[in-house]
S.K.: 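What follows is a single structure, and I will ask about it in a moment.
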Amino acid sequence: MSQQLKIALPKGSLQEPTLSLFEKAGYNIYSSDRGLRPSSDDSDLDIYMIRAQEIGRYIDQGFVDCGITGYDWVYENKVDLEDLAELPYSRASTRPTRWVLVVPENSEIQTVQDLEGKRIATEGVGITERYLAEKGVSAKLEFSWGATEVKVPDLVDAIVDVTETGSSLRANKLRIVDELLQSFPHFYANPNAYRDDWKKEKMDRIVMMLKGALEARDKVGLKLNLPKSALEPVLEILPSLRRPTVSPLADGDWVAVETVICESIARQIIPDLKVLGAEGIIEFPLNKIVP
Ligand SMILES: Nc1ncnc2c1ncn2[C@@H]1O[C@H](COP(=O)(O)OP(=O)(O)OP(=O)(O)O)[C@@H](O)[C@H]1O
Ligand SMILES: O=P(O)(O)OC[C@H]1O[C@H](OP(=O)(O)OP(=O)(O)O)[C@H](O)[C@@H]1O
Ligand SMILES: [Mg+2]
């Protein structure tokens with residue numbers, strides 16, 4: 001049988017954004033709600049859906065060759081993996097997940113030092129232990145299986161939990177005392193698997209396409225025609241990610257300009273270009289940007 005790459009993808013919070021990133025990168029993964037061994041349109045891949053908390057351990061043990069999981073859980077599990085790329089996406093936004101120490105809004109606790117001898121609940125016991133040791137604070141740490149917000153103030157004095165958009169903190173009237181860690185998903189490999197030429201090349205190619213898809217996420221392509229005399233002022237207002245391509249047109253007094261810009265500024269720039277004399281302006285979506 002031909003070789004296959006065993007790859008673990010996260011079940012849970014990161015499942016949906018991870019599968020949609022793979023689709024944008026060109027890999028279609030066919031996953032039903034309960035299916036833990038999804039198939040895909042790339043027969044080189046042997047895919048396992050595994051809880052984000054455990055993926056690092058399974059890569060470390062060589063049960064899978066590689067996988068995507070949050071940096072937070074690899075830090076928590078203290079496993080030594082080949083870190084091929086940070087992939088800046090999250091559950092609901094493009095912001096990193098933050099592990100924060102939080103208390104009820106009206107709590108007397110203002111700093112971590114106020115937690116000496118107090119009780120803290122968290123899913124990330126290792127992350128919290130290391131943080132408290134760094135701060136020289138000794139507190140009673142309790143492992144929490146989730147829904148941790150409900151435990152303050154009756155069961156514990158503070159919790160350490162992840163926040164992304166902040167809506168759970170607001171809904172539960174909680175206040176951030178300190179931030180312990182920021183985390184994005186990473187593509188990790190087992191160091192031995194990464195020494196295998198075929199697997200290394202396969203992983204590097206997947207990482208290139210994933211990064212290319214993320215890079216293109218909020219960018220658009222822009223093409224326009226211009227009288228040569230307007231080129232200088234136009235180049236001044238184009239915040240080109242890379243140098244714009246300028247090509248001559250059949251009419252020697254005109255040039256075509258092609259570039260890539262952030263989608264968020266297109267609505268400002270396109271009318272400005274028009275005022276400067278641009279014609280035939282085309283904005284188009286991009287699938288990948290590979291530098
Ligand atoms: N809004 C978010 N909430 C929770 N985790 C998030 C969020 N955004 C990104 N993540 C990331 O998802 C990964 C898994 O999160 P977590 O450990 O909370 O498990 P989960 O998939 O949310 O399952 P559970 O329902 O048990 O919490 C972590 O690496 C975390 O940083
Ligand atoms: O800042 P936000 O965007 O609101 O995200 C943070 C919330 O997401 C996580 O909950 P999850 O859905 O993973 O459930 P859990 O509490 O059981 O972990 C986390 O524990 C917070 O409750
Ligand atoms: Mg969670």
Side-chain angles (χ1 to χ4, degrees), residues 7-22 29 31-36 38 47-60 64 66-79 81 83-105 120-131 141-156 158-189 210 214 217:
I7 181 167
L9 301 181
K11 244 204 109 46
S13 287
L14 294 176
Q15 172 166 341
E16 200 278 321
T18 302
L19 295 185
S20 87
L21 173 62
F22 268 78
I29 297 172
S31 141
S32 67
D33 275 355
R34 307 294 316 160
L36 299 178
I47 305 167
Y48 294 74
M49 302 303 300
I50 297 176
R51 302 272 306 162
Q53 295 90 329
E54 297 189 299
I55 285 179
R57 207 153 39 84
Y58 283 138
I59 298 174
D60 183 49
V64 290
C66 59
I68 289 183
T69 189
Y71 163 75
D72 42 10
W73 287 114
V74 169
Y75 178 86
E76 168 80 19
N77 295 327
K78 292 189 182 155
V79 280
L81 308 175
D83 184 357
L84 300 195
E86 179 177 76
L87 303 168
Y89 68 96
S90 230
R91 179 166 75 178
S93 68
T94 54
R95 274 176 279 170
T97 308
R98 300 163 64 209
W99 283 78
V100 285
L101 174 65
V102 299
V103 295
E105 270 169 7
I120 306 175
T122 183
E123 286 182 67
V125 171
I127 295 171
T128 311
E129 260 169 6
R130 285 201 250 173
Y131 165 77
L141 261 190
E142 275 176 29
F143 172 71
S144 169
W145 288 96
T148 316
E149 294 94 337
V150 81
K151 301 186 179 183
V152 273
D154 298 329
L155 295 173
V156 291
I159 64 169
V160 170
D161 202 1
V162 299
T163 176
E164 183 190 345
T165 62
S167 60
S168 304
L169 297 185
R170 279 190 296 277
N172 291 287
K173 298 196 167 36
L174 297 169
R175 162 165 59 83
I176 297 179
V177 175
D178 201 1
E179 179 181 294
L180 288 70
L181 190 76
Q182 289 201 356
S183 173
F184 269 129
H186 283 226
F187 192 107
Y188 293 105
L210 293 172
L214 283 172
R217 188 172 44 183

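The structure presented is a predicted model; accordingly, all values stated were derived computationally and were not measured. All ligand and atom numbering here is 1-based and tracks the order in the structure.
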S.K.: Nearest 0.5 angstrom please: Glu164 CD to Thr94 OG1, how far?
M.R.: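 That separation rounds to 9.0 Å.
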
S.K.: On a heavy-atom basis, I'd like to know which of Glu164, Arg98, Arg170 is closest to atom 1 (O) of ligand 2.
M.R.: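 Result: the heavy atom closest to atom 1 (O) of ligand 2 is in Glu164.
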
S.K.: For atom 3 (N) of ligand 1, which of Gln182, Arg91, Arg98 has the closest heavy atom?
M.R.: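 Result: the heavy atom closest to atom 3 (N) of ligand 1 is in Arg91.
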
S.K.: Please state which protein non-hydrogen atom is closest to atom 6 (C) of ligand 2 and give its distance, to 0.1 Å?
M.R.: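 Checking every protein heavy atom, the shortest distance to atom 6 (C) of ligand 2 gives Val162 O, 3.4 Å.
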
S.K.: Does NZ or CZ of Arg217 fall inside the cone over Tyr89's six-membered ring, less than 6.0 Å from its centre and within 45° of the axis?
M.R.: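 No cation-pi geometry.
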
S.K.: Is the closest side-chain heavy-atom distance between Leu9 and Ile29 below 4.5 Å?
M.R.: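 Yes; the side chains approach each other to less than 4.5 Å.
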
S.K.: For a side-chain contact (heavy atoms from CB on, under 4.5 Å) with Leu174, tell me which candidate from Val152, Val103, Asp161 qualifies.
M.R.: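 Of all the options given, the one that passes is Val152.
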
S.K.: Quick one: nearest non-hydrogen protein atom to atom 17 (O) of ligand 1, plus distance?
M.R.: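 Protein heavy atom with the smallest distance to atom 17 (O) of ligand 1: Trp73 NE1, 2.8 Å.
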
S.K.: Going by the angle between their ring planes, with limits at 30° and 60°, are Tyr71 and Tyr75 parallel, tilted or perpendicular?
M.R.: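 Plane angle between 30° and 60°, so tilted.
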
S.K.: Evaluate Phe22 against Ile7 for side-chain contact (heavy atoms from CB on, under 4.5 Å), listing each step before the verdict.
M.R.: CA-CA 12 Å; Phe22 268 78; Ile7 181 167; 4.1 Å; yes

S.K.: Only heavy atoms of Gly12, strictly under 4.0 Å: list the atoms of ligand 1 that pass.
M.R.: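 Answer for ligand 1: 21 (O).
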
S.K.: Closer than 3.5 angstrom, by distance alone: can the side chain of Thr163 be matched with the main-chain N or O of Arg98 as a donor-acceptor pair?
M.R.: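 No.
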
S.K.: For ligand 1, which atoms have a heavy atom of Lys11 less than 4.0 angstrom away?
M.R.: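 Atoms satisfying the 4.0 Å criterion: 21 (O).
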
S.K.: Are Glu123 and Trp73 side-chain neighbours, meaning at least one heavy-atom pair lies under 4.5 Å?
M.R.: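 They are in side-chain contact.
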
S.K.: Report the part of Ser13 (side chain from C-beta onward, or backbone N, CA, C, O) that has a heavy atom under 4.0 Å from ligand 1; answer both or neither where that applies.
M.R.: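 It is both backbone and side chain that touch ligand 1.
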
S.K.: Is any side-chain heavy atom of Asp60 closer than 4.5 Å to one of Leu81?
M.R.: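 The answer is yes, as the side chains (C-beta and beyond) meet within the 4.5 Å cut-off.
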
S.K.: Which atoms from ligand 1 have a heavy atom of Gly70 less than 4.0 Å away?
M.R.: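 Within the 4.0 Å cut-off of Gly70, ligand 1 contributes 29 (O).
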
S.K.: What protein heavy atom sits nearest atom 7 (C) of ligand 2, and how far away is it?
M.R.: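 Among all protein heavy atoms, the one nearest atom 7 (C) of ligand 2 is Ser168 OG, 3.3 Å.
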
S.K.: Check this for me - ligand 1, Glu164, N or O atoms closer than 3.5 angstrom, yes or no?
M.R.: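 Such a contact does occur with ligand 1.
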
S.K.: In the protein, which heavy atom is nearest to atom 8 (O) of ligand 2, and how far is it?
M.R.: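 Heavy-atom neighbour on the protein nearest atom 8 (O) of ligand 2: Arg91 NH2, 2.9 Å.
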
S.K.: Around atom 2 (P) of ligand 2, find the nearest protein heavy atom and jot down its residue, atom name and distance.
M.R.: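 Of the protein heavy atoms, Thr165 OG1, 3.3 Å lies nearest.
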
S.K.: Less than 4.5 Å apart, side chain to side chain, heavy atoms only: is that true for Ile68 and Leu14?
M.R.: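 Side-chain contact under 4.5 Å: no.
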
S.K.: Of all the atoms in ligand 2, which lie at a distance below 4.0 Å from a heavy atom belonging to Glu149?
M.R.: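 Those of ligand 2 that fall under 4.0 Å from Glu149 are 21 (C), 22 (O).
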
S.K.: Report the nearest protein non-hydrogen atom to atom 9 (C) of ligand 1: residue, atom name, distance rounded to 0.1 Å.
M.R.: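 Here the nearest protein heavy atom works out to Thr97 OG1, 2.9 Å.
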
S.K.: At a non-hydrogen distance cut-off of under 4.0 Å, which region of Tyr71 contacts ligand 1 (side chain, backbone, both, or neither)?
M.R.: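 Under 4.0 Å from ligand 1, Tyr71 contributes no heavy atoms.
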
S.K.: Please state which protein non-hydrogen atom is closest to atom 13 (C) of ligand 1 and give its distance, to 0.1 Å?
M.R.: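 Its nearest protein heavy-atom neighbour is Leu14 CD1, 3.6 Å.
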
S.K.: What is the closest protein heavy atom to atom 27 (O) of ligand 1, and at what distance does it sit?
M.R.: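 Nearest protein contact, heavy atoms only, for atom 27 (O) of ligand 1 is Glu123 OE1, 4.2 Å.
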
S.K.: With a 4.5 Å heavy-atom cut-off, do Tyr131 and Val160 have their side chains touching?
M.R.: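 They are not in side-chain contact.
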
S.K.: Mind checking whether Gln53 contacts ligand 1 via backbone (N, CA, C, O), side chain (CB onward), both or neither, at a 4.0 Å heavy-atom cut-off?
M.R.: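 Side chain only.
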
S.K.: Which atoms from ligand 2 have a heavy atom of Glu123 less than 4.0 Å away?
M.R.: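 In order of number, 18 (O).
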
S.K.: Looking only at N/O atoms, are Arg51 and ligand 1 under 3.5 Å apart anywhere?
M.R.: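 For ligand 1, there is an N or O atom that lies under 3.5 Å from one belonging to Arg51.
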
S.K.: Step by step, would you call Arg57 with Glu54 a salt bridge (Lys or Arg N to Asp or Glu O under 4.0 Å)?
M.R.: CA-CA 5 Å; Arg57 207 153 39 84; Glu54 297 189 299; 3.0 Å; yes

S.K.: May I have the step-by-step check of side-chain contact (heavy atoms from CB on, under 4.5 Å) for Thr122 and Trp99, ending in yes or no?
M.R.: CA-CA 10 Å; Thr122 183; Trp99 283 78; 4.0 Å; yes

S.K.: Compare Ser90, Ser13, Gly146 and give the one whose heavy atom is closest to atom 13 (O) of ligand 2.
M.R.: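 Ranked by closest heavy atom to atom 13 (O) of ligand 2, first place is Ser13.
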
S.K.: Counting C-beta onward and ignoring hydrogens, is there a side-chain heavy-atom pair between Leu180 and Leu101 closer than 4.5 Å?
M.R.: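 When only atoms from C-beta onward are counted, Leu101 and Leu180 do touch, with a gap below 4.5 Å.
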
S.K.: By number and element, which atoms of ligand 2 are closer than 4.0 Å to a non-hydrogen atom of Thr163?
M.R.: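 Contacts of ligand 2 toward Thr163, numbered from 1: 1 (O), 6 (C).
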
S.K.: Which ligand 1 atoms, with their elements, are less than 4.0 angstrom from a heavy-atom of Val162?
M.R.: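 So the answer, numbered in order with elements, is 3 (N), 4 (C), 5 (N).
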
S.K.: Any side-chain heavy-atom pair from Val102 and Ile159 closer than 4.5 angstrom?
M.R.: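 With C-beta onward as the side chain, the pair touches.
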
S.K.: Tell me: protein heavy atom nearest atom 16 (O) of ligand 2, and distance?
M.R.: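 Looking only at protein heavy atoms, the one closest to atom 16 (O) of ligand 2 is Ala147 N, 3.3 Å.
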
S.K.: Does the protein place a non-hydrogen atom closer than 4.0 angstrom to atom 25 (O) of ligand 1?
M.R.: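 Protein heavy atoms within 4.0 Å of atom 25 (O) of ligand 1 - there are none.
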
S.K.: Should Ile120 and Val156 be marked as a side-chain contact (heavy atoms from CB on, under 4.5 Å) after you check the CA-CA gap, both sets of side-chain angles, and the distance that decides it?
M.R.: CA-CA 6 Å; Ile120 306 175; Val156 291; 5.9 Å; no

S.K.: Of the protein's non-hydrogen atoms, which lies at the shortest distance from atom 14 (C) of ligand 1, and what is that distance?
M.R.: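 Nearest neighbour among protein heavy atoms for atom 14 (C) of ligand 1, to 0.1 Å: Ala52 CB, 3.6 Å.
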
S.K.: Return the residue, atom name and 0.1 Å-rounded distance of the protein heavy atom closest to atom 29 (O) of ligand 1.
M.R.: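 Closest protein heavy atom to atom 29 (O) of ligand 1: Asp72 OD1, 2.7 Å.
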
